[in-house]
Every structure is written in C-alpha cells, then in structure tokens.
Amino acid sequence: MPTSKENVAAHFAGSFYPASKSELQEMISALGAKAKKPCPDPGPLRALVMPHAGYIYSGATAAQGAATLTGKTYQTVLVMAPDHRVGLGQVAVSSAASFSTPLGEIPLAPLAAKLTGEQPDLFAPNSYSDEAEHAVEVTLPFLQTFLGHFNLVPMVIGAQSVAEIAQAIGPELNDQTLLVASSDLSHFLSDDEARAKDKETLDAIMAMDQGQLLVNDNKACGLIPIRVIMTLAEQNNWRPMLLDYSTSAESSGDRERVVGYAAIAFYDKETKAHEFSRAEQDDLLQLARETIRHGLRGAETEEDEGDDDFPAGHLYQPRGVFVTLHKDKELRGCIGSIMPVESLVDSIRHNASSAAFHDPRFKPVTAEELTEIDIEISVLSPPCPLPFTNHDELLTLLKPHHGVVLQLGHCQATFLPQVWQQLPQPQQFLEQLSVKAGLQKDDWRQANIEISIYTVESFGEEEREKKGEN
C-alpha cells in the first residue's frame, strides 16, 4: 500500500529510546563514551550489523558499531531491517520525503525512488510498514550522532530472495554508500543457551558461511539483511570484524529469557596507499643514520643535532615509531615507542639513538660497523583495543598485517607485524609475546588480558639497495 506521507514520524521514541532530544543525546553520548573505535581501520568501511532493541538492552553494542563511523562521511545509508509485524510480499522502501527522530529529520535518498520505480516487483512503498516497523527507526539516532548528515534508504525485508536483493542494490554501491543490517540474534533462550547459539551464528558470519546460517532456526531476526551483506561481501572482497557481543541479561539481570546482540563491521580489503613518499622515506632514513653518526661523535641528544630541514606537515605529527638495526641480516638493535607521544622526527631521532647505543641486548654500535648496518623505520598507527569474546576467537581475529600489544596488569610487550614472518601461527605469536612481556607463555589466555592492534608502514635501507634505489 503506497504511502502519501511527506515525513515518517518517530513512532518508537519514548518506548525503545528517549523521546526527549536532550535525554536521547545524553544517553547516546554516555554509551558512545564507553565504545572503543576499532582502529586502525583494516580498509574502507562498507557495511555494519547493528542491533535494534531498546537502548537499555542493546544500546552499548549498537554504540560500539556506530563508533566505527567516527570521522567518516557517507552520502547514502541503506538500512535493511527485518519485517516483524506486517508480512510483506515485497521489500518495503518508503516513498516519504524523510524520516524523523528526536534528533531531527533525515531526507530519503533518490535511490529509494529509483529502486521502487525501476523494480516495482521487488521494491514497493508500504505505509503500514513505515508506521509499524521499529527496526529501521531504532538505528537512526546512532547514525545521526556518529555520522551526521546522510540520505536514507529504509528497506524492510520479508521473505524475499537474498540473491535478488543483492543483485539489485549491488550496482548502486560506491565509496559514499554504507549498508546497515538491523538485526538482533537469538531470542528468548537462557543466557547460556543464547551465548552458545550466538557463537555458532557469529562463527558462521566470520567464516562467511551462509550455509551454516541456514542450519536450525532462531539465529537472527535480521538473517536476510545479514545474508545480503555477506553476499555483497563475497562479491566485493569485504571481510567481517566482530566489534561487540552482549545479551540482554547484562542489563536486565534476567538470565532465563534473553536476546543476543552483536555489532559487526565489514571492511574492504583495498590496500591503503603509502603515507610517506619515497623522498620522505629517504629523508627519514637519513635522519636516523645521521643521528647515530652524531651519537658516535659523543652527542646523542637532539639539542646537539641542529634543526631539521623538513617542511612543516605530517612529519611533525605525533607518531609511534620503532627503529630497527640489522647487521648481516641479523638483529643489531631495536627500540621504539608504541604511543604517539612526540613528533615523528623526534621519535625517529630518539629511537635511532636508543637502538644503536642503549638496547640492553647488544653492545653499543661502533663507528667501524656503522657502514655494515641497515636501518629500518616502522611508523605505527595509534594502537586500538581488539574486542573478542573468547580466546579462540582472538586467534581468528589476529592477522599478519597487525602489530600487537599484549598487556596483563603492569606487564606489556609488543611485536611489530614483521614478527609474523618468524611466528606465523597466532597461538605461537601470542605465546612468545607473553614471554617477551615477562609472563608465562600461556598467560595470553588469562581472562583479564588486553590486546590492542596497530598497523605499520615500514621502509628500510636494505630494501632500497635491493631495488637499486640507493
């Protein structure tokens, strides 16, 4: 049934979330303050799975998903939700001009009219769905808060074909388009049963195994929207990352009848461009070598080294840096700083000096051997916490492009991504990282272990020599 409304009102404000603008802003702000942005982004963010229950139950997990949008912009957001109440024969795509929440109006994207106009057998307006379905509306205040302005395509999906929907919207996707699947997980099991079933569901999503999602029922109310994203992910080489999992028992205290919630991001595997030009890399390597040469003359502090000739810009932004020295392909020193506490050039200077003269594993570098030493610089992105629900999942989340920080109490250590070449198995990697932190090798399995990840852009003199660039 077509809708003639110009605006779809916020029908669920006051029940699923606060109707007062100030109360809603305060609630989302508090939830967002606890959310940890999963960075560094492993690639462009293409899609999210977010829950749609009352905010007191699923709000923390929804905020964890929405936090990935911080600093990003999208022109169009397609929110795909399951049909809970109408019994749709087609995918309901509203023909209204906008949707409202207490945070303001969201205009509908031209794509909404394009879908209903070009494929009316699959997409059609439905006024009953506009008013009765909560699963689109409940996600909107989070998107408004973390994303800001965007145009909306609200899609309420019944029992339609996953393949047909993916085929229809796939050509419309671009860098300014975000897909959101609004879905809770299992419903009304005990907390233990819900967690076991939800683990199966999440394992299948992480493995991109749609067949496993179809085994048994009560997996997710938004199973079709999730599978649409998975289908497009397979076609476009996106990969999923679990951001958060919870059940309603965590807020309600009722462990006998719970609902499960998850936030999942899908990232494009597109390779990021190099941050530093070849000329900048050469200049930074030269800075490290000159710092060591200066130290051999008896002046190891920056005050004695004079001003840098680098132009103002990102080379003076705070960055974490490791400087690694090799002699005859063997490690000769490696010192670094994980956190971005000083400018890139200062961090390179300090860590080059420390790697050459203050690495406790080696004697100080001598003038005679400096010509035999190759220098490598690793510039780190800010480390960010890696959320995981259990230690087996942690093993699946770690990837060879990750640098990893392990912390247990006051014990902390890191391995750069280059270490994966010597320790390619995640369990072995974590065991040796635990030992490096002064712990027992199996302490990475402790319940209170904290894992953060970062990415690295590395460049070295030996690489230049192999390519004939020096």
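Predicted, not measured: the structure shown is a model, and the values here were computed from it. Residue numbers run from 1 in the order of the sequence given.
Counting only N and O atoms by type, the side chains of Thr231 and Gln210 include a donor and acceptor under 3.5 Å apart. Between the side chains of Glu457 and Ser378, no donor N or O sits under 3.5 Å from an acceptor N or O. Looking at Gln427 and Glu431, their side chains do bring a donor and an acceptor atom within 3.5 Å of each other. Counted by atom type alone, Gln64 and Thr61 present zero donor-acceptor pairs between their side chains at under 3.5 Å. The closest side-chain donor-acceptor pair between His350 and Glu342 falls under 3.5 angstrom. Donor-acceptor pairing under 3.5 Å is lacking for the side chains of Ser186 and Asn218. Residues Tyr454 and Thr414 bring a donor and an acceptor atom of their side chains to less than 3.5 Å of each other. Residues Gln317 and Ser343 bring no donor and acceptor atom of their side chains to less than 3.5 Å of each other. Counted by atom type alone, Thr177 and Gln75 present zero donor-acceptor pairs between their side chains at under 3.5 Å.
Contact record, Asp130 with His11: O-CD2, 3.9 Å, taken as the closest heavy-atom pair. Pairing each heavy atom of Ser434 with each of Gln440, the nearest pair is CB-O, 3.3 Å. Taking all atoms of both residues into account, the shortest heavy-atom contact from Pro141 to Leu24 is CB-CD2, 4.0 Å. Heavy atoms only, all atoms of each residue included: Ala135 and Thr139 are closest at O-CG2, 3.5 Å. The shortest non-hydrogen separation linking Pro154 to Val136 is CB-CG1, 4.0 Å. Shown here for Ile229 and Val180, the closest heavy-atom pair between the two residues is CD1-C, 4.3 Å.
The number of heavy-atom neighbours closer than 6.0 Å to CD of Gln235, taken from other residues, nucleotides and ligands shown, is above 12. Counting non-hydrogen atoms of neighbouring residues, nucleotides and ligands closer than 6.0 angstrom, the OH atom of Tyr57 reaches no more than 12 such neighbours. In the displayed structure, Gln119 atom CD is contacted under 6.0 Å by more than 12 heavy atoms of other residues, nucleotides or ligands.
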Check the pair Asp346 / Arg349 against salt bridge (Lys or Arg N to Asp or Glu O under 4.0 Å), numbers first and verdict last. CA-CA 5 Å; Asp346 285 342; Arg349 182 185 295 120; 2.6 Å; yes

Assess whether side chain to side chain contact (heavy atoms under 4.5 Å, CB included) is satisfied between Leu394 and Trp444, documenting all intermediate values. CA-CA 10 Å; Leu394 172 60; Trp444 67 274; 4.1 Å; yes

Please walk me through it: do Glu250 and Arg195 pass salt bridge (Lys or Arg N to Asp or Glu O under 4.0 Å)? CA-CA 12 Å; Glu250 295 176 28; Arg195 290 180 182 276; 2.8 Å; yes

Tell me, with the steps shown, if Leu48 and Thr68 meet side chain to side chain contact (heavy atoms under 4.5 Å, CB included). CA-CA 9 Å; Leu48 286 172; Thr68 63; 3.5 Å; yes

Should Ile375 and Thr324 be marked as a side chain to side chain contact (heavy atoms under 4.5 Å, CB included) after you check the CA-CA gap, both sets of side-chain angles, and the distance that decides it? CA-CA 6 Å; Ile375 300 174; Thr324 305; over 6 Å; no

Intermediate values then yes/no, salt bridge (Lys or Arg N to Asp or Glu O under 4.0 Å), Glu172 and Lys114: CA-CA 10 Å; Glu172 308 297 336; Lys114 180 180 179 181; 3.1 Å; yes

Would Phe99 and Leu108 count as a side chain to side chain contact (heavy atoms under 4.5 Å, CB included) if you check the C-alpha gap in whole Å, the side-chain angles of each, and the deciding distance to 0.1 Å? CA-CA 7 Å; Phe99 271 48; Leu108 258 66; 3.6 Å; yes

Could you go through Ser29 and Glu26, starting from their C-alpha distance and side-chain angles, then the distance that decides it, and tell me whether this counts as side chain to side chain donor-acceptor pair (under 3.5 Å)? CA-CA 5 Å; Ser29 177; Glu26 182 177 350; over 6 Å; no

Show your working on side chain to side chain donor-acceptor pair (under 3.5 Å) between Glu137 and Tyr17 and close with a plain yes or no. CA-CA 10 Å; Glu137 180 184 321; Tyr17 59 89; 2.6 Å; yes

Give the C-alpha distance, both sets of side-chain angles, the deciding distance and a yes or no for salt bridge (Lys or Arg N to Asp or Glu O under 4.0 Å) between Arg46 and Asp175. CA-CA 8 Å; Arg46 300 306 188 196; Asp175 290 345; 3.0 Å; yes

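With hydrogens and angles disregarded, no donor-acceptor distance shorter than 3.5 Å links the side chain of Arg319 to the backbone of Ile348. Under a 3.5 Å cut-off, the side chain of Tyr245 and the backbone N or O of Asp198 do not form any donor-acceptor pair. At least one donor-acceptor pair under 3.5 Å links the side chain of Asn351 to the backbone N or O of Ser347. The backbone N or O of Gly222 sits less than 3.5 Å from a side-chain atom of Ser183, completing a donor-acceptor pair. Side chain of Gln144 to main chain of Gly104: a donor-acceptor pair is present (N/O by atom type, distance under 3.5 Å, no hydrogens or angles). The main-chain N or O of Ala249 is never found under 3.5 Å from a side-chain atom of Arg255 such that the two would form a donor-acceptor pair. Formation of a donor-acceptor pair under 3.5 Å by the Asp83 side chain with backbone atoms of Leu88 is found in this model.
Taking 4.5 Å as the limit, some side-chain heavy atom of Glu393 sits within range of a side-chain heavy atom of Leu242. Using a 4.5 Å cut-off on side-chain heavy atoms (C-beta onward), Met230 and Ile205 make contact. Counting heavy atoms from C-beta on, the side chains of Leu152 and Leu140 come closer than 4.5 Å. The shortest side-chain heavy-atom distance between Leu122 and Gln90 does not fall under the 4.5 Å cut-off. Annotation: side chain of Tyr74 is not in contact with side chain of Asn151 (no heavy-atom distance under 4.5 Å).
How far CD of Gln176 is from OG1 of Thr76: 8.0 Å, rounded to the nearest 0.5 Å. Between the NZ atom of Lys441 and the CZ atom of Arg445 there is a distance of 10.5 Å, given to the nearest 0.5 Å. With rounding to the nearest 0.5 Å, the separation of CD in Gln412 from CG in Leu433 is 9.5 Å. Atom NE2 of His326 sits about 11.0 Å away from atom CD1 of Ile373, to the nearest 0.5 Å. Atoms CZ and OG1, on Phe388 and Thr396 in that order, are 11.0 Å from each other to the nearest 0.5 Å. A distance of 11.5 Å separates OG1 of Thr247 from CG of Asp184, quoted to the nearest 0.5 Å.
The ring pair (Phe, Tyr, Trp, His ring centres under 6.0 Å) pairs that include a residue from residues 143-199 number zero, where partners must be two or more places apart or lie in different chains.
Using a 4.0 Å cut-off between charged nitrogen and carboxylate oxygen, Lys34 and Asp244 do not count as a salt-bridge pair. Of the charged side-chain nitrogens involved, none lies within less than 4.0 Å of a carboxylate oxygen, so that Arg332 and Asp359 do not count as a salt-bridged pair.
Among residues two or more places apart in sequence or in another chain, the ring-ring contact (aromatic ring centres under 6.0 Å, His included) test is passed with His84 by His52, His134. With sequence neighbours left out, the side-chain hydrogen bond (donor to acceptor under 3.5 Å, both in side chains) criterion links Asn236 to no other residue.
Taking the six-membered ring for Trp and the full ring otherwise, the centers of Phe429 and Trp420 sit less than 6.0 Å from each other.
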